[in-house]
2 protein chains.
Amino acid sequence: MRQPRDSTAIKRPTMTDIACECGLSRATVARALSGKGYVNPERKALIHQAAARMGYRASTIARALRTQRTSSIGVLIADITNPIFPEIVKGIDEVVSAGDYTIFLCNTDEDARKQLAIIRSLLDRQVDGIILVSQTVSDESQALLKNGPPYVLVNRRPARHGGDYVGPDNAMAVRQLLEHLYGLGHRRIAYITGPAQSSTARERRDSFTAEMARLGCSIPPGYLVEGNYQAESGRRAAEALLACTPRPTAILAANDFVALEVISFLHEHGLQVPEDMSVTGFDDAFKMRFSGRYPLPAQGLTTVDQPKRELGRSAGNALLARMARPDAPVRTIILPTTLNIRDTTAPAG
Amino acid sequence: MRQPRDSTAIKRPTMTDIACECGLSRATVARALSGKGYVNPERKALIHQAAARMGYRASTIARALRTQRTSSIGVLIADITNPIFPEIVKGIDEVVSAGDYTIFLCNTDEDARKQLAIIRSLLDRQVDGIILVSQTVSDESQALLKNGPPYVLVNRRPARHGGDYVGPDNAMAVRQLLEHLYGLGHRRIAYITGPAQSSTARERRDSFTAEMARLGCSIPPGYLVEGNYQAESGRRAAEALLACTPRPTAILAANDFVALEVISFLHEHGLQVPEDMSVTGFDDAFKMRFSGRYPLPAQGLTTVDQPKRELGRSAGNALLARMARPDAPVRTIILPTTLNIRDTTAPAG
DNA sequence: CTGTTAGCGCTTTCAA
DNA sequence: TTGAAAGCGCTAACAG
């Protein structure tokens, strides 16, 4: 039995306050409020009333210190400003906040140092789990993660990653795009890849060469150009591709940003899309809440849609599952993509 | 002087572990590590070495319990999926993470119950401050907030709000739009408002009527139609506006989503934009990383840009300032908007 | 300059 | 069925 120190300050009431109020011990209050352990029904009611009346709410901090569980998770994201990420985050949020977890959201800006600092800070805060969205996990980060709470990777994953992973079916995506173009008669198809350090980019690139081979199309030198997912890299790539002979009749861009910049470049150089060149994107980043077309009705980008929201939900669920049973078998979840044929692809001239 | 309980488990080392390792008291370790208080330089070095070697990191939780400060802030957002919000969040993140705060990001989905639950949970976690982005603050939420940590409002604010606020200059935005249209010869201008519960929407609406009066334009009945910021409301509003006689020659939409849906509707009904009707948006939601135009080069929406990133930064700074000096004078920060003239406005026919 | 002590608010044995 | 007591890991006042 303890006395609260001062009664004048208007601070959050603690268990001690309630205990005093009811003339009971803190232990009894704890039992009554948590519902576990025996406590006289009348007193229990009394305690609940007092708690409600005084507006008592348990301190998450104190509980966390005691139980070593914080009911919080960390989410690492490259850049919240890139429209595909908020969708994923939303999916994660939907499932984890239903499980009463709160999210620490952190931007890494594709910066390994920041990534490391953020993981440290998350561990210092003792998050119960971590989700890394499209992160290239550095060795240092990896090392930290190993001794930390469960984590799941979304989109990207290191070469031989043994843990939980959720990602889109990149091979399927590339196949959908290529079959569409092949069906339109395209044979000279170029590909602007993502950065080599992105596993997703590598997977797509490999799928591209494999699928082209399967379709019996050769890939002339210069048709594979490396970009970095930034719009600006599309401009350089497009320039290089226009210089190729023979010139490609279709260009697959690493993502929608790059695709749009390619289209801009082509326009500036007197080429019409899709008449003179077919161009496709990746992600369906701009769709947002619109169903069929892009913001402006004029023209829509042919692209392949990743199930972004679902990626987030799956990741959230995978993490919850892992936190519940740390030694359950590893899960790898690959979700199907869907092709959206719009206005930037046409039969090969 | 204390003994650590068990030494086999590979857990995070605590101060006690370091103290034992160095044969010193925890207090000394604490002083050495925190840098405050005197401690023998040699021992200090020793302690730092041990800490580094053992990979010691202070527990944020324990510190928070002791100091009652968590170095975390809560950010409430309506829907992270709406492209204007990530920009704001990014701005907040930039400044607060530089100040070593971590962000709890929470979606409220414009739902008052969720808003309340989230604020409760944030208070339970003892965040040091809260930023509410575009929230209609319910009375219950308001009451909670009053006894909580400092908070700042962004975009929306309740009728008579006495606290810190950061928002765009809505009057300026409307003026820019109207002067542009007026200059093009438009006189019959309609306005699709945002929902009445949004203070931002109300401010814009009031500015609209005021400005129209100033320009000497009357607002025929039916020219002011209430929407709710959702694309779909643009459809209904457009339908209503087409039925007006005389028909307006220009439509101001509450935001870009609504504007696009209006344009879609007009197209479907055989009207060309901007030839037959000028349409403007609000927010420049789609700009993202592109400078001049919308995703596709075909056509860009004439709209007024809110300084989203800057709104976030200002809010972050205002919160930091408030946390540092809780009784500094209240700050109201209004940031200028900029008009982006693109392809959906033209001289009145 | 260093150690002892108390305590943040909660959970959880262990006795009574 | 209840209370006493210990302790999560840290900070800070105080004594030495």
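Here is the naming used below: chain letters follow the sequence lines, and residue numbers restart at 1 for every chain.
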Between A:S25 and D:dT2, is there a side-chain N or O to OP1/OP2 distance below 4.0 Å? no
Listed pairs under 3.5 Å, donor-acceptor, residues 321-331 of chain A side chains, sequence neighbours left out:
{"residue": "A:R322", "atom": "NE", "partner": "A:D164", "partner atom": "OD2", "Å": "2.6"}
{"residue": "A:R322", "atom": "NH1", "partner": "A:P326", "partner atom": "O", "Å": "2.9"}
{"residue": "A:R322", "atom": "NH1", "partner": "A:A328", "partner atom": "O", "Å": "2.8"}
{"residue": "A:R322", "atom": "NH2", "partner": "A:D164", "partner atom": "OD1", "Å": "2.9"}
{"residue": "A:R322", "atom": "NH2", "partner": "A:D164", "partner atom": "OD2", "Å": "3.2"}
{"residue": "A:R322", "atom": "NH2", "partner": "A:A328", "partner atom": "O", "Å": "3.4"}
{"residue": "A:R322", "atom": "NH2", "partner": "A:P329", "partner atom": "O", "Å": "3.2"}

Rounded distance (Å) that lies between atom C1' of C:dT2 and atom CD1 of B:I47: 10 Å
What is the distance, rounded to the nearest whole Å, between atom CG of B:L33 and atom P of D:dA12? 14 Å
If I take atom CD1 in residue B:I18 and atom P in nucleotide C:dT2, what distance separates them, rounded to the nearest angstrom? 16 Å
Atom OH of B:Y38 and atom P of D:dA15: how far apart are they, to the nearest Å? 18 Å
When the distance from CZ of A:R125 to C1' of D:dC10 is rounded to whole Å, what number comes out? 15 Å
side-chain N/O A:T28 vs D:dT2 OP1/OP2, d < 4.0 Å: no
Between A:K36 (NZ) and C:dT12 (P), how many Å, whole number? 6 Å
Going by heavy atoms closer than 4.0 Å, what residues in residues 53-66 of chain B are next to DNA chain C? B:L65, B:R66
Check whether any side-chain heavy atom of A:I334 sits under 4.5 Å from a side-chain heavy atom of A:Y165, and report yes or no. yes
Distance in angstrom units between A:Q68 CD and C:dT12 P, rounded: 12 Å
Go through A:R125 and B:T60 one step at a time and tell me if the side-chain hydrogen bond (donor to acceptor under 3.5 Å, both in side chains) criterion holds. CA-CA 5 Å; A:R125 301 197 116 88; B:T60 314; 5.1 Å; no
Any idea which heavy atoms bring B:I18 and B:A50 closest together, and the distance? CG2-CB, 4.3 Å
Look at the rings of A:Y151 and A:H161 and say which category their plane angle falls in: under 30° parallel, 30 to 60° tilted, over 60° perpendicular. tilted
A:L132 side chain near A:R156 side chain, heavy-atom distance below 4.5 Å: no
Shortest non-hydrogen contact between A:P13 and A:Y56, atoms and distance: O-CD1, 3.3 Å
Rounded distance (Å) that lies between atom C1' of C:dT4 and atom CG of B:L24: 14 Å
Could you please name the option among C:dT13, D:dC10, D:dA12 that lies closest to any side-chain atom of B:R26? D:dC10
With respect to the phosphate group of D:dT2, does any side-chain polar atom (N or O) of A:R43 fall under 4.0 Å of OP1 or OP2? yes
Taking atom types as they are modelled, would you say the side chain of B:R12 forms a donor-acceptor pair with the base of D:dG9 within the 3.5 Å cutoff? no
